[in-house]
Colleague: 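Below you will find the structure I want to go over with you.
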Amino acid sequence: QRVTPLSARHVEDLTKVAWSLELKAGQVLMRMGDLNADSLFILGSGLVELHGQEPFEVVKDGNALWLERAAHSGRELCDGSKVVTRAEVGRGIMFGEISMSYCAPRFATVTAVEDSMLWAIDRSNFQMVQMQAAEDEVLDRVRHLESVESVQSLSKFDKEKMAAVMETMRFGK
């Protein structure tokens with residue numbers, strides 16, 4: 001299952017289906033191993049602690065923050081001993097999307113360090129927006145193929161099939 005990059009319009013669609021959730025200091029949002037993983041979360045304000053047994057790091061790219069787990073990045077987990085990993089994170093961090101997307105157990109316990117406000121997006125709404133983004137991406141590729149002379153003889157159906165398997169590649173100097 002490939003995650004389609006979201007346009008500004010698709011992000012706006014997600015904001016329309018998100019709901020706010022208030023946590024009091026000391027309140028647990030989720031526990032490591034929880035199978036109830038039907039939402040992802042974005043911290044709007046406050047501070048939360050993530051505590052688990054699998055190594056992870058907080059990655060920042062511009063204003064975006066997310067968790068990168070060793071198991072999902074291809075790095076080795078550790079030497080076999082259980083490593084407890086803990087981090088305090090603030091506004092802007094997004095977490096829970098892997099468990100939500102793949103119906104997997106939560107990998108960490110998340111506890112509010114101070115009163116916090118989070119935005120939540122449930123699986124079905126997230127998948128609906130992802131599907132729309134994927135369909136829009138295919139339509140954009142079909143429009144591009146319509147302008148390519150060497151594929152003009154293909155049917156619309158064949159162009160759609162071709163567009164569905166195309167990958168975007170960017171080249172730099």
Side-chain angles (χ1 to χ4, degrees), residues 1-137 140 168 170:
Q1 175 179 342
R2 185 172 83 80
V3 176
T4 303
L6 301 178
S7 69
R9 182 177 66 82
H10 298 116
V11 171
E12 184 179 333
D13 290 344
L14 284 177
T15 65
K16 291 176 184 173
V17 298
W19 70 93
S20 65
L21 179 65
E22 302 284 331
L23 291 181
K24 296 290 183 197
Q27 187 176 352
V28 175
L29 174 66
M30 66 178 75
R31 295 193 185 282
M32 183 176 63
D34 278 353
L35 295 175
N36 181 12
D38 59 353
S39 299
L40 66 83
F41 302 93
I42 302 166
L43 188 58
S45 65
L47 189 67
V48 297
E49 178 190 66
L50 294 100
H51 175 235
Q53 294 179 329
E54 180 183 329
F56 68 89
E57 66 179 310
V58 178
V59 178
K60 181 175 175 132
D61 184 9
N63 290 330
L65 291 167
W66 67 91
L67 302 174
E68 185 173 277
R69 294 165 57 185
H72 296 143
S73 65
R75 295 190 320 262
E76 288 193 32
L77 289 172
C78 55
D79 61 4
S81 62
K82 286 203 172 209
V83 175
V84 176
T85 310
R86 162 184 318 258
E88 287 188 359
V89 292
R91 184 180 197 278
I93 187 78
M94 181 180 79
F95 56 91
E97 74 283 0
I98 299 295
S99 295
M100 179 199 69
S101 296
Y102 299 102
C103 300
R106 298 293 191 180
F107 91 98
T109 297
V110 178
T111 306
V113 174
E114 61 188 38
D115 290 356
S116 302
M117 190 280 292
L118 298 99
W119 293 102
I121 302 170
D122 67 273
R123 179 184 300 115
S124 62
N125 279 305
F126 183 78
Q127 288 175 335
M128 182 179 62
V129 172
Q130 272 287 306
M131 287 182 353
Q132 186 60 56
E135 289 173 15
D136 291 348
E137 187 177 55
D140 287 344
T168 300
R170 303 209 188 287

Colleague: Tell me which one of V58, V59, I42 satisfies side-chain contact (heavy atoms from CB on, under 4.5 Å) with W66.
Modeller: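 The passing option is V59.
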
Colleague: Do Q27 and D115 come close enough that some side-chain heavy atom pair is under 4.5 Å?
Modeller: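 No, too far: nothing below the 4.5 Å cut-off.
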
Colleague: For residues M100 and I121, report the shortest heavy-atom separation together with the two atoms involved.
Modeller: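 In this case the closest contact between M100 and I121 is SD-O, 3.7 Å.
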
Colleague: Would you say the side chain of E12 lies within less than 4.5 Å of the side chain of K16, judging by non-hydrogen atoms?
Modeller: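 Yes; the side chains approach each other to less than 4.5 Å.
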
Colleague: Check whether R106 reaches the backbone of G96 with its side chain - one donor and one acceptor, N or O, closer than 3.5 Å.
Modeller: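 Yes.
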
Colleague: Does any part of the side chain of F41, heavy atoms only, come nearer than 4.5 Å to the side chain of M30, both counted from C-beta?
Modeller: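 M30 vs F41: side chains touch.
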
Colleague: Indicate yes or no for a side-chain donor-acceptor contact from D122 to the backbone of S124 under 3.5 Å, with no hydrogens or angles considered.
Modeller: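 A pair under 3.5 Å: yes.
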
Colleague: Ignoring hydrogens and angles, tell me if any N or O in the side chain of T111 forms a donor-acceptor pair with the backbone of V28 under 3.5 Å.
Modeller: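 No, the answer is negative, given that no donor and acceptor are paired below the 3.5 Å cut-off.
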
Colleague: Does any part of the side chain of T85, heavy atoms only, come nearer than 4.5 Å to the side chain of F107, both counted from C-beta?
Modeller: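 F107 does not reach T85 side chain to side chain.
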
Colleague: Could you tell me whether R31 atom CZ has more than 12 heavy atoms of other residues or ligands within 6.0 Å of it?
Modeller: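 Not buried by this count: 12 neighbours or fewer within 6.0 Å.
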
Colleague: Taking the side chain as every heavy atom from C-beta outward, state whether R86 and E49 have any pair of such atoms under 4.5 Å apart.
Modeller: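 Yes, side chains in contact.
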
Colleague: For a 4.5 angstrom cut-off between non-hydrogen side-chain atoms, does L29 reach L21?
Modeller: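 When only atoms from C-beta onward are counted, L21 and L29 do touch, with a gap below 4.5 Å.
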
